Amino acid sequence: MQPLEAKIADPAKRSMLLTALYIAQEQYGYLTKEAIERVATRLGLPVADVYSMASFYSLYRLQPTGRYVLQVCEGLSCHLVGGADRLVDYLRKKLGIEVGETTPDGLFTLQTVQCLASCGTSPAMRVNDALYENMTAEKVDELLDTLRGYHV
Amino acid sequence: MAMVNLTINGQKVSAPAGSTVLQAARLANIDIPTLCDHPALAPIGACRMCLVEVKGQRTLQPACTFPIAEGMEVQTESQPVTDARKFVLDLLFAERNHYCMYCEMSGDCELQALGYRYGIDHWVYPTYTKRFPVDASRKYFLMDHNRCILCRRCVRACSELVANHTLGVRQRGAASMIQADMDVPFGQSTCVSCGTCLQVCPTGALVDKRSAFMGRDIQTQHIQSTCAQCSIGCGMEIVTRDGNVLRIEGDWNAPVNAGLLCQKGRFDPLYDARPRITKPLVRKNGVLKEVDWDTAVQIVVQALKDTNAKDWGVLTTTYATNEALYLLDKLFRQELGVTNVGLLNDVAPKMVEKANGSLADVNNSDIILLVGANPASEQPVASFFIKRALNKGARLIVVDDQENGLAAFASMNLGMAEVEKAIEFAQRATNPVVLYGAGVTSEAARALQKLSGKAAFVALEPGVNTRAAAALGLNSGFDPSASKALYVLLGEQNWNGELVKKDAFVIVQASYQSPLTERADVVLPMAIWAERTGTVTNTEGRIQKVNKAVEPKGEAKPDWEILSLLASKMGKKIGTSLDEVSAHAAQAIHPS
Ligand code: SF4
Ligand code: SF4
Ligand code: FES
Ligand code: FES
């Protein structure tokens, strides 16, 4: 993995801040104190400004999440195909956690989001950066097994 | 400058192009209420208190950010405008706890005043239900989030004026909160306790601990004076009530600091807990006894007459007025011929024929050489100016053999021996500024001459009135061990009296008890900074007034008065009235 400093290529710009925070979040999993400090140093911005920005947007996480963030779409299309509720319920039971919580092994965090721009293949869900389409209970099982498989 | 004509409430107004509606209205003495706006800060249009009707605009516009245009027609108190303002106020009063009667700022609060102005006599929306924290972790002032209206004046003051960037806003919408760094308690943050945020807060959210509940503004006096805690000479207002100093505020109109102060100027003087000397003291049979002024002066005069000039030593603090330093010089050096004379602090070396720059040059510089000076702790307001220039893109090169408080902000940190490197950079810059202190070595000073004509040179003198003391020649070199008798103008400073001969006769003019006053043979009680009138010379050479805000404690007398008294008892006519002495002093400091 390239160090954060190298990925934040043009450090002289405040306009780089959102991207930089995003890169940091990718690398740290969430925006730790250290991640925010590194972004601030790299961009030459006050820590208070970077923290303000990070706490402003809900896309940034200031609290730890699981290794895999499962975002189930609750947008209209996904809802209408009758998938969203069922998917969320299925995941809640299967993982034994509520929406917003993380499994005790630290692997999965369950979240709901609005429209993943994949209405044509709804119901959709996202795991970290990857999109999963036309989801069913079976596909969820398969997915979770695969992900767990990386960590045995 | 091109002028733009418009009408406000039917009145013809003209204002410089580029002005906002608010600025144009103020020029014409038309009052538009504001909350987030502050004259010293860039406007952000956040609170919507200043909404006005601008003909042709679909919606009401914030006067504080809306630029004027030729022929514009503005209404500032029409029905839609006042309705909108009331709506804003209703929301503000409902959002947090603005239950005024228990608030320290009640009577001085800008929000409360607007509540009265627009007749907010009841809550329209459900009142506050949520309790917000109070953060009292800072020594000098506290933050009560319950009174905060999120106007962000504090945040902007910290970043725009102080360039300290401690404050920010976390979260958004209803969850917004003023916070420090990465949401740490203020007392554990990077805050430097300058109190600028405290000074700009319009409500009771930021509250000075020492003067809280000690009186509303209307019950106080504001005495304009000059801070005498370092050589910058910031303009300040001493706020008093019934003969007591409540607090110190920065003077927004002051030429040097434009409202800024630092911890040393704003807070520290009020927390000085050293016991005062309130009566003249004379040693009799080995013990210090209280006596009256006549007796004490008699003894001093006798000692001056009895001891040979070459056996005298004179040492002075620079925490003294021009008048006192002038009289000290006149009496001891000129009249009595004492040569063993010195200062309690160092002096920046003479760099160029005349230090041609002023602190304002820092603002427009593209490169700042900070050589042998540590303004972060010695002249904090100057360090704010430097950091502000850095925000605008200037570069800082620190040349110092000591640890420097601005090292972390510098693009380059060099040792004194590497000064040439810094000079090279300055030569290539457009507006270089050299800020130098007493830490400059003579080689470095010589090398820096190369920049004369190119760079603005500004001394950052150690001490306070050092520039005046040096101009008078009081820094000619002092050896305490060489004197049989010693006159120390100690003032508010501390000096342990090292190397003073055991049997030397020691006269001390001092405000506070200290080891030196314990050891002295005569102690003359001296007034402190708030108790004297006179002038001081700042590091740029600017002569500014200090004004008495409260009476001297006990029988203490202002620094210069004591010396004037001694002189007249010695039969020397060197000035008795303040005006006369001030004029002489000014002439001696800046010979014309
Ligand atoms: S603390 Fe004062 S200055 Fe800062 S946002 Fe709140 S009300 Fe405004
Ligand atoms: S006291 Fe000064 S440094 Fe501290 S938060 Fe306020 S403005 Fe910033
Ligand atoms: S509604 Fe789920 S992807 Fe658009
Ligand atoms: S004063 Fe104009 S919006 Fe606050």
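Here is the naming used below: chain letters follow the sequence lines, and residue numbers restart at 1 for every chain. For clarity, every value in this text was computed on a predicted model and none was experimentally measured.
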**Study point:** Crowding at NZ, B:Lys421 (>12 non-hydrogen neighbours, <6.0 Å)
**Key:** no
**Study point:** A:Lys33 atom NZ, over 12 foreign heavy atoms within 6.0 Å
**Key:** no
Study note, to complete from the structure: Ordered numerically, the heavy-atom neighbours of chain A under 4.5 Å found in residues 175-185 of chain B are B:Gln179, B:Asp181, B:Met182, B:Asp183
Check your understanding: Who passes salt bridge (charged side-chain N to carboxylate O under 4.0 Å, His left out) against A:Arg92, sequence neighbours left out?
Key -> A:Asp89, A:Glu98
Check your understanding: Are the side chains of A:Tyr51 and B:Arg170 in touch, meaning some heavy atoms are under 4.5 Å apart?
Key -> yes
Check your understanding: Does CZ belonging to B:Arg428 count more than 12 external heavy atoms closer than 6.0 Å?
Key -> yes
Review point. Does a sphere of radius 6.0 Å around CZ in A:Arg61 hold more than 12 heavy atoms from other residues, nucleotides or ligands, not counting ones at 6.0 Å or beyond?
Key: yes
Revision key, fill the gap. For A:Ser55 and B:Gln171 the tightest heavy-atom approach is OG-N, 2.9 Å
Practice item. Identify the two heavy atoms, one from A:Ala48 and one from B:Gly168, that lie closest to each other, and give their separation to 0.1 Å. Key: CB-N, 4.3 Å
Check your understanding: Is the count of non-hydrogen atoms from other residues, nucleotides or ligands lying under 6.0 Å from B:Phe425 atom CZ greater than 12?
Key -> no
